[in-house]
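Down below is the structure, laid out as structure tokens.
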Amino acid sequence: MLLRPYRDGDAPALAALFYETVHTVNAAHYTPAQLDAWAPACGPDLAAWDKSFRAHRTLVAELDGRLAGFGDLDPAAGYLDRLYVHKDLQGRGVATALCNALEEAAAGPVVTHASVTARPFFARRGYRVIRAQQVERRGVTLANYVMEKAPAGDL
């Protein structure tokens, strides 16, 4: 597996992976309306995503020359913003590799807003639930969890 920095031209492929992953992997825990609100068919604003990816530490995972996943973290705030793995490459260590590399860049605790689907993954990594919450996306309410992982020295 290759982890590389985000680069020009990645945003459209990452947006497609995001859409496919949300609409397949998360379908067991969210309704079709919630999935559409979270990841609409029109896709995210690519310019805004590009700006956000550039402002964060953003890594792209490739497996056998194929886009396998991506993740991004605001190192100053310790906020793990996005973490998505290709729907066909779940369970192959992609999310673990991305998290390992991103967490190393954080100056302190790492906080994420984990989906119902992702909560067990983060819990296995030592994240604890700070609170469950309901967030609104495009007029639709979705459940997720604010989770936090203490720095390695504080465990």
Side-chain angles (χ1 to χ4, degrees), residues 1-7 10-11 13-31 34-35 37-39 44-45 48-63 66-138 140-155:
M1 181 180 331
L2 168 71
L3 295 185
R4 64 166 175 82
Y6 173 82
R7 61 184 178 220
D10 279 341
L14 300 187
L17 183 148
F18 163 74
Y19 177 85
E20 290 177 8
T21 299
V22 168
H23 282 268
T24 56
V25 175
N26 299 98
H29 297 108
Y30 294 91
T31 67
Q34 289 172 321
L35 298 172
W38 181 358
D45 177 335
W49 264 35
D50 180 69
K51 183 178 179 181
S52 175
F53 286 144
R54 291 175 186 283
H56 294 166
R57 174 163 169 71
T58 304
L59 296 175
V60 175
E62 295 179 352
L63 191 60
R66 179 178 176 191
L67 176 62
F70 69 95
D72 66 306
L73 175 117
D74 177 342
Y79 181 62
L80 180 60
D81 191 356
R82 288 161 284 222
L83 180 67
Y84 293 93
V85 173
H86 191 284
K87 66 182 179 66
D88 297 332
L89 299 174
Q90 300 283 311
R92 294 201 182 168
V94 176
T96 297
L98 286 165
C99 270
N100 288 344
L102 291 170
E103 289 169 0
E104 288 177 7
V110 177
V111 174
T112 194
H113 293 182
S115 68
V116 173
T117 311
R119 179 183 171 186
F121 168 79
F122 285 107
R124 286 190 303 273
R125 292 189 59 78
Y127 285 74
R128 64 184 179 89
V129 173
I130 302 299
R131 70 178 176 278
Q133 63 181 9
Q134 299 289 319
V135 296
E136 185 178 315
R137 298 285 181 267
R138 295 172 182 79
V140 178
T141 303
L142 297 92
N144 72 16
Y145 301 89
V146 177
M147 297 183 77
E148 180 181 66
K149 182 177 184 180
D154 293 352
L155 295 177

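Worth saying up front: this structure is predicted, and the values here are computed from it rather than measured.
Closest approach of D72 to S52, counting heavy atoms only: OD2-OG, 4.2 Å. Scanning both residues, Q34 and T141, for their nearest heavy atoms gives NE2-O, 2.8 Å. Nearest heavy-atom pair across V140 and L142 is O-CD1, 3.5 Å. Minimum heavy-atom separation, R92 to L89: NH1-CD2, 3.3 Å. Nearest heavy atoms, G78 versus A106: CA-CB, 4.5 Å. Residues W38 and R138 share a closest heavy-atom pair of O-NH1, 4.2 Å.
Of the inter-residue distances, the one linking L98 atom CG with L73 atom CG reads 11.5 Å to the nearest 0.5 angstrom. To the nearest 0.5 Å, the span separating CG on N144 from NE2 on H113 amounts to 6.5 Å. The distance from the CZ atom of R128 to the CE atom of M147 is 10.0 Å, given to the nearest 0.5 Å.
Not counting sequence neighbours, the partners of D10 by the salt bridge (Lys or Arg N to Asp or Glu O under 4.0 Å) test are R4. Not counting sequence neighbours, D81 has no partner by the salt bridge (Lys or Arg N to Asp or Glu O under 4.0 Å) test. R66 pairs by the salt bridge (Lys or Arg N to Asp or Glu O under 4.0 Å) definition with D88, not counting sequence neighbours. Legend: residues meeting ring-ring contact (aromatic ring centres under 6.0 Å, His included) with H23, ordered by chain and number and at least two apart, are Y19. Take E104 and apply the side-chain hydrogen bond (donor to acceptor under 3.5 Å, both in side chains) test, not counting sequence neighbours, and it matches no residue.
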List, one per line, each side-chain donor-acceptor pair under 3.5 Å for residues 115-126, sequence neighbours excluded.
from, atom 1, to, atom 2, distance (Å)
S115, OG, T117, N, 3.3
S115, OG, A118, N, 2.9
T117, OG1, N26, ND2, 2.9
T117, OG1, H29, ND1, 2.8
R125, NE, E103, OE2, 3.3
R125, NH1, N100, OD1, 3.2
R125, NH2, N100, OD1, 2.7
R125, NH2, E103, OE1, 2.8
R125, NH2, E103, OE2, 3.4

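Between F53 and Y6, the angle of the ring planes lies from 30° to 60°, which puts this pair in the tilted group.
Side-chain contact check for R57 versus L102: some heavy-atom pair is nearer than 4.5 Å. Taking the side chain as every heavy atom from C-beta outward, T21 and V85 never approach each other to under 4.5 Å. In this structure, the side chains of Y145 and Y127 stay at 4.5 Å or more apart for every pair of heavy atoms. Residues M1 and V94 meet the side-chain proximity criterion, which asks for heavy atoms closer than 4.5 Å. Y84 is not listed as a side-chain neighbour of L14, based on a closest heavy-atom distance of 4.5 Å or more.
A donor-acceptor distance shorter than 3.5 angstrom exists from the side chain of T112 to the backbone of L80, with no hydrogens or angles considered.
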